[in-house]
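To start, the structure under review is shown below, and the notes come after it.
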Amino acid sequence: MTFAIAPMSAEHVPESAALLDRWYGRARRPRGYAGAGGRGAAAAGQDGEALISALLGAPGAQSALARDSRSRLAGYLVAAPTEGLGDDRPDDHGHAGSALVGHGGHALHPGQETAVLRELYAAVAERLVARGRLVHHVWLPADDAVAMAWFRLGFGLEQLRGVMPVRATGRQPRGVEGLSIRRAGPADLAAIGRMAADAAAHRREAGMFQPQPEEVLIRQRLRYADALADPRCGAWLAVRRGEEAGMIVLTPAPPDPFTPEPAAELAEAHVEPSSRGEGVSRVLLATALAWAYGRGYRHVAATWPTASRLSAGHWPSLGFTPIAYRLCRVLDPRVVAHG
C-alpha cells in the first residue's frame, strides 16, 4: 500500500484529533478508568485539537500527514526539538541534539501501523537530522502494536510509566527488624538530597550506562527543597540503628493523557545498598500510600528506566501497571557528515 505524505497544517487538526481520540480511547479502555466509554484524550482532561495545535506550534516542529489511496487519513506525526524531556530528571539525552514526539504527537490507523509510520517517520526524521537532531524520543500509551511499529524503525524501549491504585486499606508488608519510618521535612534535605544523588549516580552503571556529570548530582541534592516544605508533597525516611536506610518522595503527578486523576507521583525512591532485599522499599511505599489516600490521591504513578537492574522488575512486582512507554533512537553522527 502506498500513502501520500504531506506536511500538516491547522486545517488537518480536527481529523487528526479524531484519529487520536479513537486510539487513546482504545488504549485506555482495558485499564478501566476515565476514557472507557468516552473520548480518549478529552476524557483525561486533554482536548485533542488543542494538544495537536500546541505541538504543531512548537518552535522547530516538524510534521507529516499520510493519506491512503482513497484520501482517508492513515496517520500523522509531529516531532519538535527539545533541550530536555520536560521532567527535569537526570538524563543522558537531554541535550541540544534531541527531538521528541510527545503525547498526542502521533496517531496511526489500526492495522496499518508499521507501513504508515515508516513513511511518516522517514519524512519527519529527514528534516530533524538535517537540523542536527540525532536523538529521537517518543512517548506513547502502552500499546504493543504501535510500539512494535516503532521498534521496526530501530527504536528501543527506554522507560516505562506505570500506575497503581491507592486504597483505603491494603495489604501491609511484613516489618523489617529494627526499621522505623518517619516523615521528612525541610531539615532533612541533606539526607534526602544525598540519596537522590546516589540514585542518579546509579544510572552510570550497567546496564543503563547514562553519564551523570557532577552538576546533575548537585541539582539532585537540592531538587526536593521545595517539596519538603509543600503540604501537597510527602517524604519519608527509613532509619535503622540510627542511620538512614532509604527514602521515598511523593509529589503531585503532572497531567498527561494516561495518568488517572487525582494521582501522586513517586518522584524519588532509594534504598541504601546495605539494606536492599529486606523489604525496606515495601514498607516505605505502604507508608506513602496511606498518606496519599488521606490526601485524596487515588493513584500513584512512577516512571523507571527499563534497563535498571533495581527498578525494572521491582516496581511492577509492587503493583505498578504500565500505562505509557518512552522510546528512544540514537542516530550515528556520521549521517550528518555524509548528508
Side-chain angles (χ1 to χ4, degrees), residues 19-20 23-24 26-28 31 40-41 51-52 55 58 61-64 66 75-87 89-95 97-110 112-129 133-163 203 207-210 254 256-259 301-308 311-313 315-316 320-333 335:
L19 183 63
L20 177 69
W23 176 32
Y24 276 15
R26 290 192 305 273
R28 294 172 62 85
R31 300 180 177 91
L51 186 59
I52 296 171
L55 293 170
Q62 304 297 323
S63 66
Y76 73 89
L77 177 64
V78 184
T82 176
E83 311 313 320
L85 293 170
D87 54 6
R89 301 212 34 106
D91 195 287
D92 60 328
H93 299 323
H95 55 58
S98 301
L100 174 67
V101 179
H103 280 304
H106 76 297
L108 310 167
H109 191 278
Q112 300 177 325
E113 293 94 346
T114 298
V116 176
L117 184 59
R118 184 184 302 118
E119 299 301 322
L120 289 171
Y121 179 67
V124 170
E126 182 178 26
R127 293 176 236 146
L128 293 173
V129 169
R133 302 285 169 168
L134 302 181
V135 179
H136 302 165
H137 292 278
V138 182
W139 273 112
L140 72 155
D143 182 325
D144 289 344
V146 178
M148 181 56 70
W150 284 103
F151 295 157
R152 287 173 173 152
L153 295 176
F155 281 77
L157 180 58
E158 184 177 46
Q159 288 190 359
L160 279 175
R161 182 161 179 80
V163 297
R203 292 177 177 231
M208 289 179 288
F209 300 114
Q210 292 182 349
D256 68 59
F258 293 95
T259 301
T303 302
W304 60 89
T306 57
S308 170
S311 302
W315 296 120
F320 284 88
T321 300
I323 57 169
Y325 300 152
R326 193 180 89 184
L327 313 182
C328 180
R329 185 184 186 193
V330 181
L331 302 183
D332 190 319
V335 301

For the rings on Tyr121 and Phe155, is their centre-to-centre separation under 6.0 Å?
yes
For the pair Arg161 and Arg326, evaluate side chain to side chain contact (heavy atoms under 4.5 Å, CB included) and give the outcome as yes or no after the intermediate values.
CA-CA 8 Å; Arg161 182 161 179 80; Arg326 193 180 89 184; over 6 Å; no
Just wondering, do Phe320 and Ser311 contact through their side chains at under 4.5 Å, heavy atoms?
no
Under the side-chain contact (heavy atoms from CB on, under 4.5 Å) rule, collect the residues that match up with Ala145, sequence neighbours excluded.
Glu113, Asp143
Going by the side chain to side chain donor-acceptor pair (under 3.5 Å) test, name the single residue among Trp23, Trp150, Trp139 that passes it with His106.
Trp150
Beyond-backbone contact of Leu20 with Tyr76, side-chain heavy atoms, under 4.5 angstrom
yes
Decide yes or no for Leu160 and Thr303: does some side-chain heavy atom of the first lie under 4.5 Å from some side-chain heavy atom of the second?
no
Between the side chain of Asp332 and the main-chain N/O of Val335, is any donor-acceptor distance below 3.5 Å?
no
Does Tyr24 use its side chain to pair, donor to acceptor, with the backbone of Phe258 at less than 3.5 Å?
no
Look only at the side chain of Arg329 and the backbone of Leu153, and say whether a donor-acceptor pair between them is shorter than 3.5 Å.
yes
For Arg118, give me all partners under side-chain hydrogen bond (donor to acceptor under 3.5 Å, both in side chains), at least two apart in sequence or on another chain.
none
Can you tell me if Thr306 uses its side chain to pair, donor with acceptor, with the backbone of Leu157 under 3.5 Å?
yes
To the nearest 0.5 Å, what is the distance between CH2 (Trp304) and CD (Gln159)?
10.0 Å
Between Arg127 and Ser63, the two heavy atoms sitting closest are NH1-O, 2.8 Å
